[in-house]
There are 2 protein chains.
Amino acid sequence: MGDRTSRRKVTIREVAERAQVSISTVSHAFSGVRPISQATRDRVFAAAGELGYDPNPSARSLRTGRSGLVGLVLRPRYAVAHTRDRAETFNRLVGSVATEMLRRKVGLIHVPDLDDPATAGVPMDGCLVAHPYGGDGVLTELLRRNVPVVTIEEDPERPALPWAVRLDYTTAVTALLDHLAAQGADRIALLTGSEDNAWNRRPRETHETWCAEHGRSARTALLSESLSDAGAAGRIRRMLAGRRRPDAVVVATSDFAAIVTQVADELGLRVPDDLMVAALTDSEHSRRSHPPITAMDLSHEHLAAAGVDLMLARLAGAPTPDEPVVVAPDLRLRASTRRAGADDGDGRPRGPR
Amino acid sequence: MGDRTSRRKVTIREVAERAQVSISTVSHAFSGVRPISQATRDRVFAAAGELGYDPNPSARSLRTGRSGLVGLVLRPRYAVAHTRDRAETFNRLVGSVATEMLRRKVGLIHVPDLDDPATAGVPMDGCLVAHPYGGDGVLTELLRRNVPVVTIEEDPERPALPWAVRLDYTTAVTALLDHLAAQGADRIALLTGSEDNAWNRRPRETHETWCAEHGRSARTALLSESLSDAGAAGRIRRMLAGRRRPDAVVVATSDFAAIVTQVADELGLRVPDDLMVAALTDSEHSRRSHPPITAMDLSHEHLAAAGVDLMLARLAGAPTPDEPVVVAPDLRLRASTRRAGADDGDGRPRGPR
DNA sequence: ATCCCCCATCAAAAGGTTTTGATGGTGTGC
DNA sequence: GCACACCATCAAAACCTTTTGATGGGGGAT
């Protein structure tokens, strides 16, 4: 209160002097590690209050070896959130993780750049890595540093890493393909992104398996996430204009799924009657497209909650499952895959909500 | 590489020993503060690489007094993001700030709880406070601690605080009211939330001024953010069922604006012909309502970018404006306030987009 | 040949906390 | 009245870095 605008921070030593006790007594009074008499404690708190003391977190971490902070790393696709669609994904994931961390009163650090020596280390007790690539370098680096890591979605090349939360793509994508087939789809094409992560890999595998089991050829193509809208439209147009065009397409990126409906419209193809469309991630694009597009929701909220739980359990030394935690994606059936008179055959409710 | 899974971290001392140089030489080799001969530098880097050394961030911060991290605090309304609508706001704000920080390669910390002694301090060089309350306690605390603060939206009771980014509510709300009047609205009611922040205060003031200037009575009411949907619906029903009901309502929270349209529908009031509806924040609720609801978008992305810029300028000691930075909210006119045949009179384009 | 300066490196201090073995005084049990 | 235990407090070490004044040796200028 009486202080000038001194840049100088109050230290534990000054509190000790003012309260006429040793430094360790002040520390113990605050931490409660050892008993301190009531009278002394009062004097310490009074002194601390008058001086406006608050402990230096760096000094504390240096001594204890813990910071009480958890890092979060997102891989590039999200970091460069140029389109509104990608921004929604990024925001939802970051927001969910932040919400879960706040709820548990633990600080969360967005790690800017692990490799950049200029940005050098951040003090974190553990680190969440969301949507790692196959054999991700960031993961390698963190493991080398002995930082406890929990991944949200698994690194496809590190199936052995037990501390992970992953989506059950197999079930969800199979359900989606069954649904399309039930609605009368015959030639189902899959368009995944080119980034090598679980979200692109697993559905591709599931699609192949499903096609093999159903005696169909697995038509797939790449639609790189870095494509511009015009670029994506071009590739889609070529596919839909060709002979033996698919009668259903599953597109990973949902803004590109919306472009599929646009291109179909231009070509005079009716959705869903001539062409069914589905996306492997939900966003405003899929919800507001005409017609609304069936999409798999990545359940970022559940992923985040499970990931944070796992991390905190690990840091607390509590027992953790020795297999990845599995979260079910949410399949949102919409008009883009619902043909009049077709029967889904799986008993699912037909309408949204 | 050859290390066991030793919890033990490698320190600068071990690197120095291995490279046969002093500790300070290692430090200088990394920081480049003083020149080091090429031969020595090579030896140091080699030793560091072999040992897997990475500097301890806490020790560094302790010594330098800087952590390279910036904090972010959001006030409770967002922290408790129970509805999808509030979650969208929270996510967008958090995501935007995170994006801007990542772009500038600075770490961002979500501060869990400033007052909680258990959570104790986080090492931050500065702190962003988003949507502070009037005379906000968090702000008081941060200022007491001498932490450089930048607010996103201003604390209504601290107009003197120069380091702020604020929305220009006056212009936007005036434009909205003019628009409603041009569409034929006669009795315009305003329903703000009960939390005491700029977003609730400024529009109220603007509404009063505008009503006074146009010789109308300023009809206002509170619709607390903590109300359940049913609770909100009840209050709205009472208002719309009364004699001399308003013919236009501006509702702060956009999910409640959507409820206004529902209640109007139940009561047989047509939107916009019998009742116009507008919201003071945009969200999926307003966009997808029937009819879509005119809303003011809070431009979280611009707020975040400006706030981060301001903070980094402050921390770098660069000159900063001595007045709050002003950002214009985006007015999104939609069908809920557009009557057939009415003329807006201000030359604005009529369609969305 | 001498002086001076600069370059590369070193040693030591400082930064603020927590941890822990030691110390002195007070009360309990016999 | 003595030994023992315990309670409250203290002093010092440890955590790992960056910073800075000091040191020694080599080269250029005179």
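Letters A, B, ... are given to chains in the order of the sequence lines, protein chains preceding strands, and every chain is numbered from 1. Remember, it's a predicted structure, so these values are computed and weren't measured experimentally.
Side-chain proximity of B:His28 to the nucleotides C:dG16, D:dT20, D:dT18 is greatest for D:dT20. Of the candidate nucleotides D:dA13, D:dC10, D:dT17, D:dC10 has the atom nearest to the side chain of A:Val21. Listed candidates were C:dT9, C:dT19, D:dT17. Nearest to the side chain of B:Ser37 is C:dT9. For B:Thr11, taking side-chain heavy atoms from C-beta onward, the closest of the listed nucleotides C:dA8, D:dT17, C:dG16 is D:dT17. Relative to the side chain of B:Ser24, the nucleotides C:dA8, C:dA11, D:dT17 differ in distance, and C:dA11 lies closest. Proximity note for B:Ser27 (side chain, C-beta onward) versus C:dT17, C:dC10, D:dT19: the nearest is D:dT19. Side-chain proximity of B:Arg63 to C:dA8, D:dT19, C:dT19: nearest is D:dT19. For B:Ile23, counting side-chain heavy atoms from C-beta on, the closest listed nucleotide (D:dT18, C:dT19, C:dA8) is D:dT18.
A donor and an acceptor atom, one from each side chain of B:Glu195 and B:Tyr133, are located under 3.5 Å apart.
Regarding B:Arg13, its CZ atom lies at a distance of 11 Å from the P atom of C:dA11, rounded to whole Å. To the nearest angstrom, C1' of C:dC10 lies 15 Å from CD of B:Glu17. C:dT17 atom P lies 16 Å from atom CG of B:Asn56, rounded to whole Å. Spacing between atom CD1 of A:Ile12 and atom C1' of C:dT19 amounts to 12 Å, rounded to whole angstrom units. With rounding to whole Å, A:Arg66 atom CZ is found 10 Å from C:dT18 atom C1'. Note: CG (B:Leu62) to P (D:dC15) measures 14 Å, nearest angstrom. The interatomic distance linking A:Phe30 (CZ) with C:dG16 (C1') rounds to 14 Å, in whole Å.
Between the base of D:dG21 and the side chain of B:Arg34 there is a donor-acceptor pair shorter than 3.5 Å.
Map A:Ala59 and B:Thr25 each onto its nearest nucleotide of DNA chain C; the residue landing nearer the 5' end is B:Thr25.
A side chain to side chain contact (heavy atoms under 4.5 Å, CB included) with B:Cys127 is found for one member of B:Val122, B:Leu69, B:Val138, B:Val73 and no other, namely B:Val73.
Other residues, nucleotides and ligands contribute only 12 or fewer heavy atoms inside 6.0 Å of the CZ atom of B:Arg13.
A sub-4.0 Å separation between OP1 or OP2 of C:dT18 and a side-chain N or O of A:Arg60 is present. Here B:Ser22 reaches the OP1 or OP2 of C:dC10: one of its side-chain N or O atoms lies under 4.0 Å away.
Contact annotation for A:Ile36: backbone-only contact, meaning every heavy-atom pair under 4.0 Å involves sugar-phosphate atoms and none involves a base.
The backbone N or O of A:Ala19 sits less than 3.5 Å from a side-chain atom of A:Arg43, completing a donor-acceptor pair.
The two residues A:Pro132 and A:Asp155 come nearest to each other via the heavy atoms CG-N, 3.6 Å.
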